[in-house]
Amino acid sequence: MCLAIPGKILKIDTDHDLPMAVIDYAGARNEACLAYTPEAQVGDYVIVHAGFALQVLNEDEARASLEELTRLSALMEADAEDDSGSGATP
Amino acid sequence: MKYLAEFRDPKLARALLDEIAGAVTRPWTIMEICGGQTHAIMRHGLDQLLPDGITLVHGPGCPVCVTPLETIDRALAIAARPGVIFTSFGDMLRVPGSRDDLLRIKSHGADVRMVYSPLEAVKLARENPDRQVVFLAVGFETTAPGNAMALKQAAAEGLANFSEITSHVLVPPAMEAILTAPGNRVQGFLAAGHVCAIMGTTQYEPLAARHGVPVVPTGFEPVDILRGILQTVRMLEKGEHGVVNAYGRVVRSEGNPAARAVVDQVYTVCDRKWRGIGMIPRSGLRIRDELAVHDAEKKFAVNGITTAEPTVCIAGKILQGLKKPPECPAFGKECTPLHPLGATMVSSEGACAAYHKYARKGLP
Ligand code: SF4
């Protein structure tokens, strides 16, 4: 139930004094309330749960962790090649 | 999709699995708190890909599972009244009470509607001034801010015909109950990422220090979950405890203070009964007395309804990580997702339902 997925803000409006956004989830569109992420701008990714944006996704963090993980997987592959290349793994 | 597909990349998952295998020297038991994570673990088979030394046990983080039977019975009693429009998130509609569920009473003429956001229930109250609109507000710290905002908005607009029946629960008191239960075997926690998006990470520090456990806020995609496990294993192997965030793109240490402020305006902490576990002190949220006109349990005077659980069900032990679903004699026999006997078979995020769906039938 606590599933919340990242979507991109397409448009921001106000409805009964609450900031509301149209969010795009890779083609599927829905509304979300931005009352808890007033800093969010059109183009930002927000994490939406049950009609409310919980946080603006930190894109720098996302990129940094992906880079770190990609390095890790490259290291693994290099290791695997070393092992098979030497032909003398114990 | 951006920021989703990348965290499902099998190559990265494989690298993390290798890294975990390299880090483990002793057996460890780790609990993922959130039912969404339990479901993802089963769906992607992560439990079967991890090295033998790692045992994942499944926590109580499924709001549908832990909502007490009597709350459902009270909801059903309210929903059956004439003039009521009863609203709820989709996953609560199928949950059986002691005799009925919301979908069944809907087929008998009750006006029960599924909403995606609690603000839709407020809209219904606005558009139907002659009807009573009731919203079943369940969930953890993740869901409380939205449900609180709906009530605050209704109060601001003077919509006296809007009320909530609340069964909100809080994660840290449940973790405390798990760690202090006799026979506890949990050595580290993957904390629920979206709960932490609201609450931040500092609230877990006293608990981590008191019990000497790692607490690692973790996301929901396979790569996120494996990252959380790797971080937990590294800490366990080094004998470290404390809180280390493995979901930095969503969780900030301070959480979302604006959301917490509105939750505090609308709700207040109370003792709460968890389905399958029982009463946990200061583990829930209820509507503040000043807002009693929007409290459905008071408005409709249904507090008298109490009910008992089937005795065969060991959901309480499962929710505390003491047992796994196949250890229950009713699992897959009398108890199935179509005819659930207990809390953890009710919701698709419950551990029994996840084991049933993904055919983890063997003994753990
Ligand atoms: S299988 Fe059914 S009866 Fe057994 S513990 Fe799970 S929910 Fe309860």
Side-chain angles (χ1 to χ4, degrees), chain A residues 1-8 15-20 23-28 30-40 43-80 83, chain B residues 1-7 9 11-12 14-16 18-19 34-36 39 61-64 89 91 115-120 122-123 126 138-143 145-147 149-150 153 156-157 192-195 197-198 220 223 227 246 248-252 255-256 258-259 262 347 349:
Chain A
M1 187 179 204
C2 292
L3 217 62
I5 52 170
K8 191 175 185 172
D15 179 23
H16 290 84
D17 295 331
L18 288 174
M20 300 296 293
I23 313 273
D24 176 73
Y25 308 94
N30 218 329
E31 268 209 321
C33 178
L34 298 184
Y36 296 132
T37 55
E39 73 278 23
D44 284 348
Y45 281 80
V46 281
I47 303 291
V48 179
H49 168 72
F52 282 80
L54 304 180
Q55 278 289 3
V56 179
L57 187 128
N58 185 334
E59 298 193 42
D60 293 338
E61 273 281 345
R63 269 192 296 272
S65 52
L66 283 170
E67 275 166 25
E68 188 194 313
L69 292 167
T70 310
R71 265 201 304 279
L72 179 73
S73 89
L75 280 179
M76 292 282 161
E77 273 171 26
D79 273 2
D83 289 352
Chain B
M1 194 192 321
K2 208 168 168 204
Y3 301 122
L4 208 52
E6 300 94 319
F7 292 92
D9 183 348
K11 231 169 86 184
L12 299 185
R14 175 58 55 197
L16 279 162
D18 287 349
E19 193 76 10
C34 177
H39 190 86
C62 160
V64 178
F89 295 133
D91 39 5
V115 292
Y116 156 80
S117 161
L119 292 177
E120 289 170 37
V122 177
K123 185 162 177 259
R126 205 181 279 138
V138 300
F140 282 88
E141 291 92 328
T142 322
T143 320
N147 295 351
M149 183 59 85
Q153 181 68 17
E157 291 184 40
H194 295 140
V195 168
I198 301 297
F220 293 77
V223 166
R227 248 179 108 195
R249 69 186 186 281
V250 173
V251 175
R252 293 160 176 73
N256 187 328
V262 173
S347 153
E349 288 180 11

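All of these numbers come straight from a predicted model, not from anything done at the bench. Every chain is numbered from 1, with letters handed out A, B, ... down the list of sequences.
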Exercise. Going by heavy atoms in the side chains, are B:Leu119 and A:Met20 under 4.5 Å from each other?
Worked result: yes

Problem set entry | Heavy-atom side-chain contact between B:Arg227 and A:Ser65 under 4.5 Å | yes

Problem set entry | Interatomic spacing from CG in A:Asp17 to CD in B:Glu157 - rounded to 0.5 Å | 8.0 Å

Problem set entry | Minimal non-hydrogen separation, A:Pro6 against B:Leu4, with atom names | CD-CD1, 3.8 Å

For this session: Any chance you could lay out the side-chain contact (heavy atoms from CB on, under 4.5 Å) test for B:Leu12 and A:Leu66, step after step, and finish with the verdict?
Result: CA-CA 9 Å; B:Leu12 299 185; A:Leu66 283 170; 4.1 Å; yes

Problem set entry | B:His194 side, atom NE2; A:Ile5 side, atom CD1 - distance, nearest 0.5 Å | 9.5 Å

Exercise. For A:Val46, is it the side chain, the backbone, both, or neither that has a heavy atom closer than 4.5 Å to a heavy atom of chain B?
Worked result: neither

For this session: Answer whether the closest heavy-atom distance between the side chains of B:Arg252 and A:Gln55 falls below 4.5 Å.
Result: yes

Problem set entry | Heavy-atom proximity to chain A below 4.5 Å, by part of B:Gln153 | side chain

For this session: Taking the side chain as every heavy atom from C-beta outward, state whether A:Phe52 and B:Thr143 have any atom pair closer than 4.5 Å.
Result: no

For this session: For chain B, find which of A:Val56, A:Ile47, A:Thr37, A:Asn30 contributes the most heavy-atom pairs closer than 4.5 angstrom.
Result: A:Asn30

Problem set entry | Within-4.5 Å side-chain heavy-atom neighbours: A:Thr70 and B:Asp9 | no

Problem set entry | Any side-chain heavy-atom pair of B:Met149 and A:Leu18 under 4.5 Å | yes

Exercise. Taking every heavy-atom pair that is under 4.5 Å apart, which of B:Ala192, B:Ala258, B:Gly146 has the most such pairs with chain A?
Worked result: B:Gly146

Problem set entry | Atom group of B:Glu141 that falls short of 4.5 Å from chain A, counting heavy atoms | neither

For this session: Identify which of B:Leu16, B:Val251, B:Asn147 forms the greatest number of heavy-atom pairs closer than 4.5 Å to chain A.
Result: B:Leu16

Problem set entry | Minimal non-hydrogen separation, A:Gly51 against B:Ser117, with atom names | CA-CB, 3.8 Å

Seminar exercise, completed: Applying a strict 4.5 Å limit to non-hydrogen atoms, the region of A:Glu31 in contact with chain B is backbone

Exercise. Measuring heavy-atom distances to chain A, does B:Val223 have an atom under 4.5 Å in its side chain, in its backbone, in both, or in neither?
Worked result: side chain

Problem set entry | Non-hydrogen atoms of A:Ala50 and B:Pro118 that approach each other most closely | O-CD, 3.5 Å

For this session: May I ask you to check whether over 12 heavy atoms, not counting those of B:Arg126, lie within 6.0 Å of atom CZ?
Result: yes

Exercise. Does any N or O in the side chain of A:Tyr36 come within less than 3.5 Å of the main-chain N or O of B:Asn256, such that one atom is a donor and the other an acceptor?
Worked result: no

